[in-house]
Protein chains: 2
Amino acid sequence: MEIIINGVFLLSEVNLPKTKRGKETLDKILKAAEVLFSSQGYYNTSITDITRKANVALGTFYIYFKDKKSVFAFLINELSKSLRHELSLAIKECKSRYEAEYIGFKTFFEFVKQHRGLYKIVWEAQFVDKKVFRDYYEGIAKGYIERVNKAKTCDEVKKELDTETIVYCLIGIANFIGLRWVIWENEPVPNRVIEDMMKFIKEGAFN
Amino acid sequence: MEIIINGVFLLSEVNLPKTKRGKETLDKILKAAEVLFSSQGYYNTSITDITRKANVALGTFYIYFKDKKSVFAFLINELSKSLRHELSLAIKECKSRYEAEYIGFKTFFEFVKQHRGLYKIVWEAQFVDKKVFRDYYEGIAKGYIERVNKAKTCDEVKKELDTETIVYCLIGIANFIGLRWVIWENEPVPNRVIEDMMKFIKEGAFN
């Protein structure tokens, strides 16, 4: 599996559609793949399962993807892009980095609710393709690091702390609070948990 | 898969050996299972693969385990018990909760180094058996919550923060700092990272 670093796939792996209809078909395939990879995993899902669920012909799959691994990697990349897109929309109007963290965490929990298979798909990528797994988190960490660095220049975040370390602490917190509530309890993270988590983060990393 | 809550398996799933030789055989099977589940995953590993790697007869497997799922669940339970055991040994002499956190995090990173497949095995359990997956983290969280509560009574930890929330934040931090360094770089977590992570935690949760 070769993937260009900024998330653009080589044409031999994935062919992006140019027409509106093609985009809709690709979207149906991706939605079916997300449901199946979430519920039964990568290894128990066949391309036929995906096309049957998407209600498209088997040959249609191969217009867009080289093989099962390509659609899996592409799906993870799409999830990462779509999470980052939603985060950046949500925090656009925020007046401070702390406010952006607060809204960002809530947006992440909402995203997990909408994509309940997210952890399963991403974490299974450890077996399917180590690079895709690492790229997913590094893609998220990259923009996050830039934002925290910016907040350091305005003295919002503690300058003495390594930015990457702060960011991986925050990603870890988001993942495990999301796991505890959204995945295990199938309910929104309670407000009291969000408040206490944010106090922890504020005192830990903010000035 | 039925598991009694405190981690004791029903006899229909697992038969624990009574002799020293039996324990050695069980241990060989577990070590082989850990290597195979880590490298190729649960679904791509057969019982025959495990017995071949452990160098025991196929029938020997069934003396101890009912099926592949039983050995998988038992292995995860053993990993959790062994991590908790190492943590409790390591922090036994600690004079404060903060010192125990410091030593505890280092012990966890060392454990990940010794069991590099830990994340893969535990995270794949989301597909194999949701309860085993949740039990793994809840088992770790349970003792952790007791310890943090105790530290609250001596005013070491901020009383206004919900203990379970603190604990899941800490578990998330440990997991993602371990992932970033021990798993991805295959090297110990750098001291500067540990120092900054601990400053974050100290200011975030400690008085």
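Reminder, nothing fancy here: chain letters follow the sequence lines and each chain counts from 1.
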Colleague: Do you know which of B:Gly172, B:Ala141, B:Ala205 has the most heavy-atom pairs with chain A at a distance under 4.5 angstrom?
Modeller: B:Gly172
Colleague: Can you measure from CE (A:Met197) to CD1 (B:Ile166) and round to the nearest 0.5 angstrom?
Modeller: 13.0 Å
Colleague: Against chain B, label A:Lys202 side chain, backbone, both or neither, depending on which of its atoms sit under 4.5 Å from a heavy atom there.
Modeller: neither
Colleague: Should A:Lys199 and B:Glu160 count as an ion pair when the cut-off is N to O under 4.0 Å?
Modeller: no
Colleague: Could you tell me the separation between the CE atom of A:Met198 and the SG atom of B:Cys169, rounded to the nearest 0.5 Å?
Modeller: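 One finds 10.0 Å between CE of A:Met198 and SG of B:Cys169.
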Colleague: Where does the angle between the aromatic ring planes of B:Tyr137 and A:Trp184 fall among parallel (under 30°), tilted (30 to 60°) and perpendicular (over 60°)?
Modeller: tilted
Colleague: Holding to ring-ring contact (aromatic ring centres under 6.0 Å, His included), I want the full list of residues that pass it with B:Phe37, two or more places apart in sequence or in another chain.
Modeller: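 B:Phe37: ring-ring contact (aromatic ring centres under 6.0 Å, His included) contacts with B:Tyr42, B:Phe72.
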Colleague: Quick check for you: to the nearest 0.5 Å, what is the distance between B:Ile173 atom CD1 and A:Leu170 atom CG?
Modeller: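 Separation between the atoms: 8.0 Å.
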Colleague: Can you classify the ring geometry of B:Phe200 versus A:Phe200 as parallel (below 30°), tilted (30 to 60°) or perpendicular (above 60°)?
Modeller: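 Ring orientation, 0 to 90° scale: tilted.
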Colleague: When rounded to the nearest 0.5 angstrom, what distance separates CD in B:Glu203 from CD1 in A:Ile201?
Modeller: 14.5 Å
Colleague: With rounding to the nearest 0.5 angstrom, report the CZ to CG distance, B:Phe133 to A:Leu179.
Modeller: 4.5 Å
Colleague: Heavy-atom distance under 4.5 Å to chain A: side chain of B:Glu164, backbone, both or neither?
Modeller: side chain
Colleague: Counting only non-hydrogen atoms closer than 4.5 Å, does A:Asp162 touch chain B with its backbone (N, CA, C, O), its side chain (CB onward), both, or neither?
Modeller: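 Both parts, backbone and side chain.
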Colleague: Test salt bridge (charged side-chain N to carboxylate O under 4.0 Å, His left out) on B:Glu185 and A:Arg134 and set out the steps.
Modeller: CA-CA 11 Å; B:Glu185 305 298 339; A:Arg134 185 167 174 168; 2.7 Å; yes
Colleague: Which distance, rounded to the nearest 0.5 Å, do you find between the OG1 of A:Thr163 and the CG of B:Asp196?
Modeller: 9.5 Å
Colleague: So do the side chains of B:Lys120 and A:Phe127 get within less than 4.5 Å of each other, counting heavy atoms only?
Modeller: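 With C-beta onward as the side chain, the pair touches.
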Colleague: With a 4.5 angstrom heavy-atom cut-off, which part of A:Tyr119 approaches chain B: side chain, backbone, both or neither?
Modeller: both
